[in-house]
Amino acid sequence: MQPWNAEVSVNKLFPLDSEGNISCDINAQYIYESDGVKFSRISTESLLALLGIIGNLFVCLLQAEHLRINRRVIGLIRSLALADLGILLVCFPFAVAKEQEAINEWTFGAAGCKVFYPFCEAFYAVSIWSVVAISIERYRIFKRSNKIWAPSRENWQNWRIVTTIWIIAFFVYSLPLFFSSTLQTLCGKKMCYLEWSATGSMNSLAAKLHSFTLLFTLYFVPVCIIAWTYFRASRRKELFANRHKRARRRIRTQFNSLSSALLEEEEAVREQLDSISRIHLPVVGIFAITMVPVTLLRFIFSFFPNTLTLEKYLVLFNISIVFIILHAAAKPCVYFLLSHSFRSAYAHVWKRLRAYARCRIKKEERLVSSHDFGVEIVSLTSTTTTLSRYKETTL
(Lines give C-alpha, C1' and ligand atoms only; values in the text may rest on other atoms or scores of the structure.)
Protein backbone atom coordinates (compact mmCIF):
# COMPACT_ATOMS: atom_id res chain seq x y z
CA MET A 1 0.00 0.00 0.00
CA GLN A 2 1.90 2.98 -1.31
CA PRO A 3 3.44 5.37 -0.51
CA TRP A 4 5.72 3.62 1.96
CA ASN A 5 8.88 5.43 0.89
CA ALA A 6 11.56 7.10 2.96
CA GLU A 7 9.99 10.58 2.82
CA VAL A 8 6.84 9.34 4.58
CA SER A 9 8.11 6.37 6.57
CA VAL A 10 11.29 7.94 7.90
CA ASN A 11 11.44 11.70 7.51
CA LYS A 12 7.96 12.34 8.88
CA LEU A 13 8.26 9.73 11.61
CA PHE A 14 11.73 10.83 12.70
CA PRO A 15 12.01 14.57 11.91
CA LEU A 16 15.38 16.08 11.14
CA ASP A 17 16.98 18.28 13.77
CA SER A 18 18.68 21.63 13.17
CA GLU A 19 21.86 19.92 11.98
CA GLY A 20 20.05 17.74 9.44
CA ASN A 21 20.34 14.52 11.45
CA ILE A 22 17.48 12.19 12.27
CA SER A 23 15.81 12.96 15.58
CA CYS A 24 14.47 9.99 17.53
CA ASP A 25 11.83 12.05 19.35
CA ILE A 26 8.35 11.14 18.11
CA ASN A 27 5.79 13.76 19.08
CA ALA A 28 2.79 12.60 17.03
CA GLN A 29 -0.03 11.93 19.47
CA TYR A 30 -2.09 9.84 17.06
CA ILE A 31 0.50 7.08 17.18
CA TYR A 32 -0.20 6.42 20.85
CA GLU A 33 -3.82 5.23 20.62
CA SER A 34 -5.19 3.29 23.56
CA ASP A 35 -4.95 -0.49 23.64
CA GLY A 36 -8.74 -0.83 23.59
CA VAL A 37 -9.14 1.29 20.46
CA LYS A 38 -6.29 -0.49 18.71
CA PHE A 39 -7.64 -3.94 19.66
CA SER A 40 -11.17 -3.07 18.49
CA ARG A 41 -9.95 -1.62 15.20
CA ILE A 42 -7.64 -4.50 14.33
CA SER A 43 -10.22 -7.10 15.45
CA THR A 44 -12.86 -5.56 13.18
CA GLU A 45 -10.45 -5.47 10.27
CA SER A 46 -9.43 -9.08 10.92
CA LEU A 47 -13.05 -10.24 11.05
CA LEU A 48 -13.80 -8.55 7.72
CA ALA A 49 -10.67 -10.11 6.23
CA LEU A 50 -11.68 -13.58 7.50
CA LEU A 51 -15.14 -13.28 5.98
CA GLY A 52 -13.58 -12.12 2.71
CA ILE A 53 -11.17 -15.08 2.68
CA ILE A 54 -14.02 -17.55 3.14
CA GLY A 55 -16.14 -15.86 0.46
CA ASN A 56 -13.35 -15.69 -2.12
CA LEU A 57 -12.41 -19.34 -1.46
CA PHE A 58 -16.01 -20.26 -2.30
CA VAL A 59 -15.76 -18.24 -5.53
CA CYS A 60 -12.56 -20.07 -6.51
CA LEU A 61 -14.30 -23.44 -5.96
CA LEU A 62 -17.34 -22.62 -8.11
CA GLN A 63 -17.86 -24.87 -11.12
CA ALA A 64 -18.61 -23.32 -14.50
CA GLU A 65 -21.53 -25.64 -15.30
CA HIS A 66 -23.46 -24.24 -12.33
CA LEU A 67 -23.08 -20.63 -13.56
CA ARG A 68 -25.02 -19.38 -16.56
CA ILE A 69 -22.26 -16.96 -17.47
CA ASN A 70 -19.72 -16.71 -20.25
CA ARG A 71 -16.69 -18.88 -19.42
CA ARG A 72 -14.28 -16.05 -20.05
CA VAL A 73 -16.10 -13.93 -17.48
CA ILE A 74 -15.97 -16.86 -15.03
CA GLY A 75 -12.20 -17.05 -15.50
CA LEU A 76 -11.87 -13.32 -14.81
CA ILE A 77 -14.08 -13.61 -11.71
CA ARG A 78 -11.82 -16.39 -10.40
CA SER A 79 -8.76 -14.27 -11.14
CA LEU A 80 -10.39 -11.42 -9.23
CA ALA A 81 -11.07 -13.75 -6.29
CA LEU A 82 -7.46 -15.00 -6.26
CA ALA A 83 -6.15 -11.43 -6.26
CA ASP A 84 -8.50 -10.53 -3.41
CA LEU A 85 -7.26 -13.57 -1.48
CA GLY A 86 -3.72 -12.28 -1.96
CA ILE A 87 -4.77 -8.88 -0.63
CA LEU A 88 -6.42 -10.38 2.45
CA LEU A 89 -3.84 -13.08 3.21
CA VAL A 90 -0.62 -11.22 2.33
CA CYS A 91 -1.21 -7.49 2.06
CA PHE A 92 -3.46 -7.04 5.09
CA PRO A 93 -0.93 -8.41 7.64
CA PHE A 94 1.80 -6.32 6.04
CA ALA A 95 -0.39 -3.20 6.13
CA VAL A 96 -1.10 -3.70 9.85
CA ALA A 97 2.63 -4.23 10.51
CA LYS A 98 3.42 -1.09 8.52
CA GLU A 99 0.86 0.94 10.46
CA GLN A 100 2.20 -0.31 13.81
CA GLU A 101 5.80 0.20 12.72
CA ALA A 102 5.82 3.67 14.25
CA ILE A 103 5.50 2.42 17.84
CA ASN A 104 6.90 -1.08 17.44
CA GLU A 105 9.05 -2.09 14.51
CA TRP A 106 8.90 -4.11 11.30
CA THR A 107 8.07 -7.67 12.35
CA PHE A 108 8.35 -9.69 9.13
CA GLY A 109 12.11 -9.55 8.66
CA ALA A 110 14.18 -8.89 5.56
CA ALA A 111 12.40 -11.52 3.43
CA GLY A 112 9.01 -10.01 4.22
CA CYS A 113 10.22 -6.51 3.35
CA LYS A 114 12.22 -7.26 0.21
CA VAL A 115 10.44 -10.30 -1.23
CA PHE A 116 6.81 -10.68 -0.12
CA TYR A 117 5.67 -7.11 0.53
CA PRO A 118 6.33 -5.94 -3.07
CA PHE A 119 3.88 -8.60 -4.32
CA CYS A 120 1.04 -6.56 -2.80
CA GLU A 121 1.09 -4.09 -5.66
CA ALA A 122 0.61 -6.96 -8.13
CA PHE A 123 -2.42 -8.21 -6.17
CA TYR A 124 -3.95 -4.71 -6.20
CA ALA A 125 -3.30 -4.36 -9.94
CA VAL A 126 -4.76 -7.78 -10.81
CA SER A 127 -7.85 -7.09 -8.71
CA ILE A 128 -8.47 -3.75 -10.43
CA TRP A 129 -7.67 -4.82 -13.99
CA SER A 130 -9.77 -7.98 -13.66
CA VAL A 131 -12.75 -5.69 -13.03
CA VAL A 132 -11.74 -3.72 -16.14
CA ALA A 133 -11.47 -6.94 -18.17
CA ILE A 134 -14.95 -8.02 -17.04
CA SER A 135 -16.30 -4.66 -18.24
CA ILE A 136 -14.58 -5.08 -21.60
CA GLU A 137 -15.88 -8.64 -21.98
CA ARG A 138 -19.42 -7.48 -21.16
CA TYR A 139 -19.15 -4.89 -23.92
CA ARG A 140 -17.78 -7.52 -26.35
CA ILE A 141 -20.77 -9.78 -25.65
CA PHE A 142 -23.14 -6.93 -26.52
CA LYS A 143 -21.04 -6.10 -29.60
CA ARG A 144 -21.17 -9.59 -31.09
CA SER A 145 -24.79 -10.21 -30.09
CA ASN A 146 -25.91 -9.48 -33.66
CA LYS A 147 -24.48 -12.86 -34.65
CA ILE A 148 -25.88 -16.26 -33.80
CA TRP A 149 -24.67 -17.01 -30.31
CA ALA A 150 -21.68 -19.33 -30.05
CA PRO A 151 -19.90 -20.54 -26.94
CA SER A 152 -16.81 -18.80 -25.73
CA ARG A 153 -13.46 -19.81 -27.15
CA GLU A 154 -11.39 -22.62 -25.76
CA ASN A 155 -10.38 -22.57 -22.12
CA TRP A 156 -6.74 -22.04 -22.94
CA GLN A 157 -7.58 -18.72 -24.58
CA ASN A 158 -9.59 -17.67 -21.54
CA TRP A 159 -6.71 -18.48 -19.23
CA ARG A 160 -4.32 -16.68 -21.58
CA ILE A 161 -6.09 -13.39 -20.75
CA VAL A 162 -5.87 -14.09 -17.02
CA THR A 163 -2.20 -15.10 -17.25
CA THR A 164 -1.38 -11.95 -19.22
CA ILE A 165 -2.96 -9.76 -16.54
CA TRP A 166 -0.94 -11.45 -13.78
CA ILE A 167 2.37 -11.31 -15.69
CA ILE A 168 2.00 -7.63 -16.62
CA ALA A 169 0.97 -6.76 -13.06
CA PHE A 170 4.05 -8.45 -11.66
CA PHE A 171 6.56 -6.91 -14.05
CA VAL A 172 5.07 -3.40 -14.03
CA TYR A 173 4.07 -2.98 -10.38
CA SER A 174 6.01 -5.45 -8.23
CA LEU A 175 9.34 -6.02 -9.95
CA PRO A 176 10.66 -2.42 -9.50
CA LEU A 177 10.00 -2.66 -5.76
CA PHE A 178 12.33 -5.63 -5.38
CA PHE A 179 15.25 -3.31 -6.17
CA SER A 180 14.13 -0.36 -4.03
CA SER A 181 12.67 -1.87 -0.83
CA THR A 182 15.05 -1.46 2.10
CA LEU A 183 15.15 -2.73 5.69
CA GLN A 184 17.21 -0.57 8.06
CA THR A 185 17.47 0.02 11.80
CA LEU A 186 16.74 3.63 12.75
CA CYS A 187 16.60 4.79 16.37
CA GLY A 188 16.59 1.17 17.50
CA LYS A 189 13.63 0.22 15.27
CA LYS A 190 13.62 -1.89 12.14
CA MET A 191 11.98 0.10 9.33
CA CYS A 192 10.87 -1.19 5.91
CA TYR A 193 10.54 1.48 3.23
CA LEU A 194 11.37 2.35 -0.37
CA GLU A 195 14.67 3.98 -1.18
CA TRP A 196 15.31 4.50 -4.85
CA SER A 197 18.76 4.43 -6.40
CA ALA A 198 18.74 8.21 -6.83
CA THR A 199 19.84 10.42 -3.96
CA GLY A 200 18.59 13.67 -2.50
CA SER A 201 15.85 15.44 -4.42
CA MET A 202 16.01 12.85 -7.22
CA ASN A 203 15.07 10.13 -4.74
CA SER A 204 11.98 12.15 -3.75
CA LEU A 205 11.20 12.72 -7.43
CA ALA A 206 11.41 9.00 -8.18
CA ALA A 207 9.11 8.21 -5.25
CA LYS A 208 6.56 10.80 -6.41
CA LEU A 209 6.76 9.53 -9.98
CA HIS A 210 6.11 6.01 -8.73
CA SER A 211 3.09 7.15 -6.70
CA PHE A 212 1.76 9.15 -9.66
CA THR A 213 2.09 6.07 -11.90
CA LEU A 214 0.07 4.02 -9.43
CA LEU A 215 -2.46 6.83 -9.13
CA PHE A 216 -2.88 7.09 -12.90
CA THR A 217 -2.86 3.39 -13.90
CA LEU A 218 -4.71 1.92 -10.91
CA TYR A 219 -7.59 4.38 -10.70
CA PHE A 220 -8.07 7.01 -13.38
CA VAL A 221 -7.35 4.84 -16.43
CA PRO A 222 -9.49 1.90 -15.16
CA VAL A 223 -12.37 4.24 -14.28
CA CYS A 224 -12.26 5.82 -17.75
CA ILE A 225 -12.20 2.43 -19.50
CA ILE A 226 -15.04 1.08 -17.37
CA ALA A 227 -17.16 4.20 -17.99
CA TRP A 228 -16.54 4.03 -21.74
CA THR A 229 -17.45 0.32 -21.98
CA TYR A 230 -20.54 0.85 -19.81
CA PHE A 231 -22.00 3.61 -21.99
CA ARG A 232 -21.13 1.78 -25.20
CA ALA A 233 -22.71 -1.40 -23.86
CA SER A 234 -25.84 0.54 -22.88
CA ARG A 235 -26.26 1.69 -26.47
CA ARG A 236 -25.64 -1.83 -27.73
CA LYS A 237 -28.21 -3.16 -25.28
CA GLU A 238 -30.95 -1.03 -26.82
CA LEU A 239 -29.96 -2.11 -30.33
CA PHE A 240 -29.83 -5.71 -29.14
CA ALA A 241 -33.37 -5.57 -27.75
CA ASN A 242 -34.83 -3.95 -30.88
CA ARG A 243 -32.97 -6.28 -33.24
CA HIS A 244 -34.18 -9.40 -31.48
CA LYS A 245 -37.76 -8.20 -31.45
CA ARG A 246 -37.59 -7.96 -35.24
CA ALA A 247 -35.78 -11.30 -35.43
CA ARG A 248 -38.49 -12.95 -33.33
CA ARG A 249 -41.20 -11.74 -35.69
CA ARG A 250 -39.20 -12.85 -38.73
CA ILE A 251 -38.56 -16.28 -37.25
CA ARG A 252 -42.22 -16.80 -36.51
CA THR A 253 -43.27 -15.90 -40.07
CA GLN A 254 -40.49 -17.47 -42.14
CA PHE A 255 -38.85 -20.25 -40.12
CA ASN A 256 -41.64 -21.66 -38.06
CA SER A 257 -39.96 -25.07 -37.71
CA LEU A 258 -36.72 -23.61 -36.34
CA SER A 259 -38.31 -20.93 -34.18
CA SER A 260 -38.03 -22.77 -30.87
CA ALA A 261 -34.30 -23.51 -31.24
CA LEU A 262 -33.42 -19.97 -32.31
CA LEU A 263 -35.55 -18.45 -29.58
CA GLU A 264 -33.77 -20.64 -27.04
CA GLU A 265 -30.43 -19.28 -28.30
CA GLU A 266 -31.78 -15.75 -28.00
CA GLU A 267 -32.94 -16.36 -24.44
CA ALA A 268 -29.52 -17.84 -23.58
CA VAL A 269 -27.83 -14.66 -24.81
CA ARG A 270 -30.25 -12.48 -22.87
CA GLU A 271 -29.85 -14.54 -19.71
CA GLN A 272 -26.04 -14.34 -19.83
CA LEU A 273 -26.10 -10.60 -20.42
CA ASP A 274 -28.54 -10.10 -17.55
CA SER A 275 -26.44 -12.25 -15.20
CA ILE A 276 -23.25 -10.34 -15.99
CA SER A 277 -24.95 -6.93 -15.84
CA ARG A 278 -26.58 -7.74 -12.50
CA ILE A 279 -23.22 -8.16 -10.74
CA HIS A 280 -21.13 -5.84 -12.91
CA LEU A 281 -22.36 -2.43 -11.76
CA PRO A 282 -22.11 -3.20 -7.98
CA VAL A 283 -18.57 -4.59 -8.42
CA VAL A 284 -17.55 -1.47 -10.32
CA GLY A 285 -19.14 0.70 -7.63
CA ILE A 286 -17.22 -1.14 -4.91
CA PHE A 287 -13.97 -0.55 -6.78
CA ALA A 288 -14.67 3.14 -7.45
CA ILE A 289 -15.64 3.89 -3.83
CA THR A 290 -13.23 1.74 -1.82
CA MET A 291 -10.14 2.87 -3.74
CA VAL A 292 -10.79 6.57 -3.05
CA PRO A 293 -8.79 6.85 0.25
CA VAL A 294 -5.59 5.24 -1.07
CA THR A 295 -5.99 7.22 -4.31
CA LEU A 296 -6.32 10.42 -2.28
CA LEU A 297 -3.23 9.45 -0.31
CA ARG A 298 -1.22 8.98 -3.50
CA PHE A 299 -2.60 12.21 -4.98
CA ILE A 300 -1.60 14.27 -1.94
CA PHE A 301 1.85 12.71 -1.85
CA SER A 302 2.38 13.30 -5.58
CA PHE A 303 1.21 16.93 -5.75
CA PHE A 304 1.00 18.35 -2.20
CA PRO A 305 3.60 16.47 -0.14
CA ASN A 306 4.18 19.31 2.33
CA THR A 307 0.56 19.18 3.54
CA LEU A 308 0.85 15.48 4.38
CA THR A 309 1.76 15.50 8.05
CA LEU A 310 2.43 12.27 9.91
CA GLU A 311 -0.94 12.40 11.68
CA LYS A 312 -2.84 12.90 8.41
CA TYR A 313 -0.81 10.17 6.75
CA LEU A 314 -1.63 7.67 9.52
CA VAL A 315 -5.33 8.58 9.47
CA LEU A 316 -5.55 8.16 5.70
CA PHE A 317 -3.47 4.99 5.89
CA ASN A 318 -5.84 3.38 8.42
CA ILE A 319 -8.90 4.41 6.43
CA SER A 320 -7.27 3.00 3.29
CA ILE A 321 -6.70 -0.34 5.04
CA VAL A 322 -10.38 -0.63 6.00
CA PHE A 323 -11.64 0.33 2.54
CA ILE A 324 -9.28 -2.02 0.72
CA ILE A 325 -10.38 -4.88 2.98
CA LEU A 326 -13.96 -4.02 2.00
CA HIS A 327 -12.88 -3.90 -1.64
CA ALA A 328 -11.54 -7.47 -1.40
CA ALA A 329 -14.22 -8.92 0.88
CA ALA A 330 -17.50 -7.46 -0.42
CA LYS A 331 -17.61 -8.94 -3.92
CA PRO A 332 -18.55 -12.54 -2.91
CA CYS A 333 -21.48 -11.09 -0.94
CA VAL A 334 -22.56 -9.12 -4.02
CA TYR A 335 -22.51 -12.30 -6.13
CA PHE A 336 -24.59 -14.13 -3.52
CA LEU A 337 -27.18 -11.40 -3.05
CA LEU A 338 -27.74 -10.39 -6.68
CA SER A 339 -27.29 -13.57 -8.73
CA HIS A 340 -29.48 -16.66 -8.48
CA SER A 341 -26.93 -18.76 -10.40
CA PHE A 342 -24.20 -17.80 -7.92
CA ARG A 343 -26.45 -18.74 -5.00
CA SER A 344 -27.06 -22.13 -6.58
CA ALA A 345 -23.33 -22.57 -7.21
CA TYR A 346 -22.52 -21.57 -3.62
CA ALA A 347 -25.06 -24.14 -2.37
CA HIS A 348 -23.47 -26.82 -4.55
CA VAL A 349 -19.99 -26.02 -3.20
CA TRP A 350 -21.34 -26.16 0.35
CA LYS A 351 -22.90 -29.57 -0.32
CA ARG A 352 -19.62 -30.84 -1.75
CA LEU A 353 -17.70 -29.60 1.29
CA ARG A 354 -20.21 -31.18 3.69
CA ALA A 355 -20.07 -34.48 1.78
CA TYR A 356 -16.27 -34.41 1.86
CA ALA A 357 -16.28 -33.67 5.59
CA ARG A 358 -18.73 -36.55 6.25
CA CYS A 359 -16.56 -38.93 4.22
CA ARG A 360 -13.49 -37.90 6.18
CA ILE A 361 -15.29 -38.37 9.50
CA LYS A 362 -16.59 -41.81 8.49
CA LYS A 363 -13.13 -42.81 7.32
CA GLU A 364 -11.61 -41.74 10.62
CA GLU A 365 -14.30 -43.65 12.52
CA ARG A 366 -13.62 -46.79 10.48
CA LEU A 367 -9.90 -46.47 11.14
CA VAL A 368 -10.50 -46.03 14.86
CA SER A 369 -12.92 -48.96 15.02
CA SER A 370 -10.59 -51.21 13.03
CA HIS A 371 -7.73 -50.21 15.30
CA ASP A 372 -9.78 -51.00 18.40
CA PHE A 373 -10.88 -54.32 16.88
CA GLY A 374 -7.25 -55.17 16.12
CA VAL A 375 -6.25 -54.33 19.67
CA GLU A 376 -9.00 -56.64 20.97
CA ILE A 377 -7.83 -59.47 18.71
CA VAL A 378 -4.24 -59.02 19.80
CA SER A 379 -5.33 -58.97 23.47
CA LEU A 380 -7.44 -62.11 23.02
CA THR A 381 -4.59 -63.89 21.22
CA SER A 382 -2.10 -62.99 23.93
CA THR A 383 -4.53 -64.22 26.61
CA THR A 384 -5.05 -67.52 24.81
CA THR A 385 -1.30 -68.02 24.47
CA THR A 386 -0.77 -67.30 28.15
CA LEU A 387 -3.43 -69.84 29.17
CA SER A 388 -2.01 -72.54 26.91
CA ARG A 389 1.47 -72.00 28.32
CA TYR A 390 0.07 -72.16 31.87
CA LYS A 391 -1.61 -75.50 31.13
CA GLU A 392 1.62 -76.91 29.69
CA THR A 393 3.60 -75.94 32.78
CA THR A 394 1.03 -77.37 35.19
CA LEU A 395 0.90 -80.64 33.34
Side-chain angles (χ1 to χ4, degrees), residues 1-4 52-53 56-57 59-62 64 69-95 111-141 152-181 194 196-197 206-207 209-226 228-229 276 280 283-284 286-287 291 294-295 298 324 327-328 331:
M1 188 177 299
Q2 304 294 341
W4 47 291
I53 290 169
N56 284 291
L57 283 175
V59 174
C60 293
L61 294 175
L62 297 180
I69 297 179
N70 183 296
R71 287 184 176 270
R72 185 175 297 173
V73 175
I74 294 174
L76 292 170
I77 289 175
R78 286 175 177 165
S79 172
L80 178 60
L82 286 174
D84 289 340
L85 280 174
I87 292 173
L88 297 172
L89 290 172
V90 180
C91 304
F92 170 61
F94 283 135
C113 179
K114 299 180 179 181
V115 179
F116 297 105
Y117 197 18
F119 275 104
C120 293
E121 293 302 326
F123 291 134
Y124 295 139
V126 172
S127 179
I128 292 168
W129 283 99
S130 294
V131 175
V132 176
I134 292 172
S135 301
I136 295 173
E137 183 60 26
R138 175 177 176 268
Y139 167 68
R140 292 180 72 250
I141 294 174
S152 178
R153 296 181 180 181
E154 290 80 1
N155 287 334
W156 71 270
Q157 290 185 335
N158 301 339
W159 286 108
R160 184 178 63 181
I161 298 174
V162 174
T163 305
T164 302
I165 293 175
W166 280 87
I167 292 175
I168 292 176
F170 172 76
F171 281 99
V172 173
Y173 297 100
S174 291
L175 187 61
L177 305 185
F178 286 100
F179 303 100
S180 57
S181 56
L194 291 181
W196 304 92
S197 57
L209 181 62
H210 178 253
S211 292
F212 177 77
T213 302
L214 297 178
L215 172 71
F216 187 72
T217 60
L218 295 184
Y219 193 79
F220 290 114
V221 173
V223 166
C224 292
I225 294 175
I226 290 171
W228 181 81
T229 57
I276 297 172
H280 172 257
V283 169
V284 171
I286 290 171
F287 153 69
M291 295 301 292
V294 69
T295 302
R298 291 166 178 163
I324 287 180
H327 166 80
K331 289 186 279 292

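Computation of the quantities below employed the complete heavy-atom set of this structure, encompassing side-chain atoms and omitting hydrogens, waters and symmetry-equivalent molecules.
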Parallel, tilted or perpendicular, as decided by the 30° and 60° cut-offs, for the rings of F212 and F216: parallel

Pairwise side-chain contact, F94 with C120, heavy-atom cut-off 4.5 Å (strictly under): yes

Any donor-acceptor N/O pair, S181 side chain to L177 backbone, under 3.5 Å: yes

Where A81 and V59 come nearest, the two heavy atoms and their spacing: CB-CG1, 3.7 Å

CA sep, side-chain torsions, deciding dist, call: T217, Y173, side chain to side chain donor-acceptor pair (under 3.5 Å): CA-CA 10 Å; T217 60; Y173 297 100; 2.9 Å; yes

Enclosure of F178 CZ (heavy-atom neighbours >12, cutoff 6.0 Å): yes

D84 side chain near K331 side chain, heavy-atom distance below 4.5 Å: yes

Atom of R78, atom of C60 and distance for their closest heavy-atom approach: NE-O, 4.1 Å

Residue among W166, W159, W129 satisfying side-chain hydrogen bond (donor to acceptor under 3.5 Å, both in side chains) with S79: W166

Side chain T229, main chain I226, donor-acceptor under 3.5 Å: yes

Aromatic plane relationship, Y219 with F287 - under 30° parallel, 30 to 60° tilted, over 60° perpendicular: tilted

Residue pair V294 / I324, side-chain heavy-atom distance below 4.5 Å: yes

